[in-house]
Amino acid sequence: MTRSRALSALFACLALTGGNASAQQPIPIDLLARTPEIQSVSMSTDGRNLVGLVSAPGSNHRDTALATWNLDDPDSGPTITPSGDRMKFVAADAMKADRVLVIGRQEWTGQLAGCGEGRRSGATRTFVTKAYLTDTSHSNFSEAFADNTRRIGVSEDMQRCLEIGGTASLVNRLPLDPDNVIVMQVNALTLSGNYYLYNLRTGETSLLLRAGGRSSPGLFNPRDGSLLTRTQLEPIGPGEYEQRILIYNPETGQFDTHDNLTRRLSERHTVEIVGMDESTGNFHVLTDLFSDKVQAWVYDPVRRKFEDEPLVAHPEYSISSLIIGTRPSNFNQILGFTVDGPQRQSVYVDPQMGAIHESLRQAYPDQNVVISDYNDDLSRVLFTTQSHRYPPAYHLLLDRERVMTVGTQRPQINPEDIGEQRWITYSARDGVTIPAILDLPADWKEGDAPLPAIIHPHGGPWARDYAGWDGSGWVPFLTSRGFAVLRHQYRGSAGFGRDLWLAGDAEWGQKMQDDKDDGAAWMVEQGIADPDRLAIFGYSYGGFAAAAAAVRPDSPYKCAISGAPVTDLARLSTSWSDNRLQRILQGVTVAGMDPLRHADRANIPVLLYVGDRDVRTPALHARNFYNAIRGHVPARFELIADMPHSLPWYYGHHEQTLSLIEEFLNGECGLASR
């Protein structure tokens with residue numbers, strides 16, 4: 001699990017080398033299906049402990065285990081506890097007070113009427129996810145933060161719903177407090193959230209505030225846990241709400257509404273208060289009120305006014321976060337910011353952190369370096385590295401002299417099997433500029449024969465793709481088999497400015513779909529893609545896009561692969577989300593061409609697959625579409641046992657779905673490359 005290497009003053013001598021295997025070998029499905037060797041790594045706030053999930057010893061890379069390292073003796077290796085037979089560890093987090101938070105998940109089957117996302121679809125198969133606290137020696141596991149007392153007047157059905165949906169969550173770590181964190185517990189009678197100061201050592205709680213109705217807390221003071229801002233949602237007309245931001249006034253002891261921070265929900269502006277300058281009382285706000293992209297601004301709550309110029313802005317991309325100090329020596333200071341470009345790129349303005357970050361970037365050229373945790377004197381710095389060729393790896397910089405590589409997610413992957421990745425833009429048919437990520441096979445170069453190609457739309461659609469390693473494994477799976485892959489950030493994608501985001505409203509299967517077809521045409525024009533060997537493959541919203549492509553006239557694709565799709569927009573509109581804000585915001589934008597209503601127009605072979613524990617896009621969508629098109633085109637439907645909608649998936653899920661994709665591309669689709 002560990003290896004050590006010496007560093008020069010600038011760490012420039014640190015080199016990463018790949019294997020010597022042929023660059024033309026398809027990556028075996030087994031290597032992409034395996035449980036990562038290590039994941040979910042973090043360091044405690046005091047720098048004493050490291051926590052992560054590892055591939056469980058003896059499980060043949062099929063299962064996870066909790067691992068903790070004592071950083072006073074990091075070379076001694078970790079303490080490891082495998083997942084249970086039913087409850088599987090899916091995430092972990094180092095806390096403080098020698099406590100560890102670990103998330104477990106297990107299958108649950110039963111009636112879900114009234115419970116969670118599956119309540120409207122009649123689903124009976126889902127997962128229960130629970131948070132547990134343990135110590136660094138793993139001597140005891142107890143449910144984290146939950147109030148398990150039986151409430152008078154709460155039905156058994158409601159108790160079950162709360163158990164399935166979860167009753168508690170971590171809200172704020174309070175990094176300077178050695179014992180306490182802020183947690184939220186769901187009140188079983190009112191279903192509102194109560195916020196508590198929770199002592200990690202004793203389990204004792206003290207109430208901070210009761211939220212309820214349309215009110216929710218915003219920014220907590222990370223020094224003492226006091227509430228600084230809150231948000232109020234108010235109806236102002238039929239189907240219209242106003243989101244009001246209130247700021248605590250220390251002179252009156254009341255929360256005042258700030259009209260210039262208040263916006264209609266339908267406008268979909270970003271207005272997020274992310275920090276406070278303790279010396280001035282001014283707030284740091286991430287917002288797109290003054291630009292198409294999100295910028296960082298300083299807001300004076302006394303004058304109720306933004307400064308004249310942004311604190312941080314980028315000419316092309318949004319600012320996704322401010323990097324704020326969490327240790328005593330730099331507490332609440334702005335150390336840098338994150339640019340939401342092709343990859344999230346950290347930029348440090350603090351000289352000390354900036355020097356360390358730049359040295360690590362030089363030591364790991366052509367990889368994205370992210371400093372994730374550190375102790376107060378910077379003698380222990382946890383950082384990650386990754387690129388589209390190198391899966392994420394976790395490292396410790398010790399005493400600013402030595403790097404210990406804790407582990408790599410997929411060390412068996414040969415980077416020489418991964419080709420080139422480019423960030424490109426192209427023009428849609430109406431002139432809109434569409435950004436995209438283009439991935440190419442390792443042995444292809446300009447002037448070579450055009451390639452079979454996959455148009456690969458992301459889910460959401462209010463989401464986006466990032467350059468770098470593809471955690472799903474789909475992109476390296478395809479490129480190592482000779483396919484070019486285009487991941488376009490079509491209109492309706494979030495993260496590329498408000499204009500592109502809003503342009504997707506009510507354009508499902510229409511202009512959003514044109515963007516995908518125009519990306520395929522661009523690949524052909526560039527000599528990258530063979531027009532006779534194009535396919536579309538997407539998952540979730542991307543699955544909808546693949547289904548839509550199958551029924552559009554003059555399809556450029558030879559086949560479509562639709563994973564966990566929505567195919568019936570009318571039905572989706574009645575069961576969009578368990579989150580009220582999402583229903584209000586996104587539900588009204590889900591409109592356009594409905595694939596199920598046009599199933600008789602299907603004109604290319606289609607593979608549909610979905611997990612039988614998927615309550616977000618339940619199997620009825622894929623199954624009904626399959627039944628409607630199978631008399632018109634070659635079609636295949638597969639229900640994947642025990643697979644949920646979202647990652648993490650288990651070994652069998654990856655193995656079965658990747659095998660299905662490979663068989664379909666080589667078979668019904670006829671696009672075999674290697």
Side-chain angles (χ1 to χ4, degrees), residues 107-128 161 164-165 457 459-461 508-509 513 536-552 560-579 582-583 586-602 604-647 649 652-653 656-657 660-661 664:
E107 294 86 357
W108 191 92
T109 301
Q111 293 299 319
L112 296 181
C115 301
E117 286 185 284
R119 63 184 179 183
R120 294 182 181 90
S121 63
T124 60
R125 297 169 67 82
T126 186
F127 283 86
V128 173
C161 286
I164 294 171
W508 287 45
Q513 204 72 22
I536 184 169
F537 161 44
Y539 188 88
S540 195
Y541 168 83
F544 163 87
V551 301
R552 293 210 342 156
I561 301 173
S562 177
V566 167
T567 62
D568 187 343
L569 295 188
R571 189 157 188 169
L572 176 66
S573 66
T574 65
S575 58
W576 172 245
S577 170
D578 199 47
N579 182 291
Q582 187 177 10
R583 288 198 305 273
Q586 195 168 7
V588 297
T589 74
V590 182
M593 190 273 288
D594 197 321
L596 190 60
R597 302 296 184 270
H598 298 88
D600 59 338
R601 301 181 186 177
I604 56 175
V606 181
L607 166 66
L608 298 123
Y609 71 87
V610 63
D612 69 355
R613 293 189 183 273
D614 189 333
V615 295
R616 183 162 301 167
T617 57
L620 62 92
H621 285 277
R623 183 184 287 110
N624 290 349
F625 188 68
Y626 164 74
N627 288 333
I629 66 172
R630 61 179 176 172
H632 303 280
V633 295
R636 185 173 177 183
F637 169 73
E638 295 286 345
L639 190 63
I640 312 301
D642 291 331
M643 181 174 166
H645 185 80
S646 302
L647 288 165
W649 297 316
H653 304 148
Q656 186 174 353
T657 56
L660 282 172
I661 292 167
F664 186 73

### Query
Is there a side-chain contact (heavy atoms from CB on, under 4.5 Å) between H621 and T567 once you walk through the steps?
CA-CA 5 Å; H621 285 277; T567 62; 3.7 Å; yes

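- Residues M593 and V551 meet the side-chain proximity criterion, which asks for heavy atoms closer than 4.5 Å.
- Side-chain atoms of V606 and I629, non-hydrogen and from C-beta on, do get closer than 4.5 Å to each other.
- The two residues L569 and A591 make their nearest non-hydrogen contact at CD1-C, 4.2 Å.
- A 4.5 Å side-chain heavy-atom check between L639 and R623 finds at least one atom pair inside the cut-off.
- Across every non-hydrogen atom of F537 and I661, the tightest pair is CZ-CD1, 3.6 Å.
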### Task
Show the numbers, then the answer: is there a side-chain contact (heavy atoms from CB on, under 4.5 Å) between I640 and L660?
CA-CA 11 Å; I640 312 301; L660 282 172; 4.0 Å; yes

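- We find the CZ-CZ distance between R630 and R636 to be 14.5 Å, quoted to the nearest 0.5 Å.
- Contact between P457 and I536 at its shortest, heavy atoms only, is CD-CG1, 4.0 Å.
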### Query
What do the steps show when you test Y541 against V566 for side-chain contact (heavy atoms from CB on, under 4.5 Å), and what is the final call?
CA-CA 7 Å; Y541 168 83; V566 167; over 6 Å; no

### Message
For Y539 and W649: C-alpha separation, side-chain torsions, deciding distance, then whether ring pair (Phe, Tyr, Trp, His ring centres under 6.0 Å) applies.
### Response
CA-CA 14 Å; Y539 188 88; W649 297 316; 5.3 Å; yes

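- Residues R552 and G509 share a closest heavy-atom pair of NH1-O, 3.1 Å.
- Pairing each heavy atom of G543 with each of S562, the nearest pair is O-OG, 2.7 Å.
- Contact check for D612 versus M643: no side-chain heavy atoms found under the 4.5 Å cut-off.
- The pair R125-D642 meets the salt-bridge criterion, with a side-chain N (NZ, NE, NH1 or NH2) lying under 4.0 Å from an Asp/Glu carboxylate O.
- Within the 6.0 Å centre-distance limit, the rings of W508 and F544 are counted as a close aromatic pair.
- Judged by distance alone, the side chains of R616 and S540 never bring a donor and an acceptor atom under 3.5 Å apart.
- Rounded to the nearest 0.5 Å, atoms CZ (F625) and CG (L620) are 14.0 Å apart.
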### Task
Apply side-chain contact (heavy atoms from CB on, under 4.5 Å) to the pair T617 and H645, showing each step before the final yes or no.
CA-CA 7 Å; T617 57; H645 185 80; 3.1 Å; yes

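- Of the possible polar contacts, one joining the R613 side chain to the W108 backbone as a donor-acceptor pair under 3.5 Å is found.
- Under the 4.5 Å side-chain criterion, counting only non-hydrogen atoms from C-beta, T657 is in contact with Y609.
- Here the side chains of P644 and H653 are in contact, with some heavy-atom distance below 4.5 Å.
- Closest of all the heavy-atom pairs between P565 and L608 is CG-CD2, 4.0 Å.
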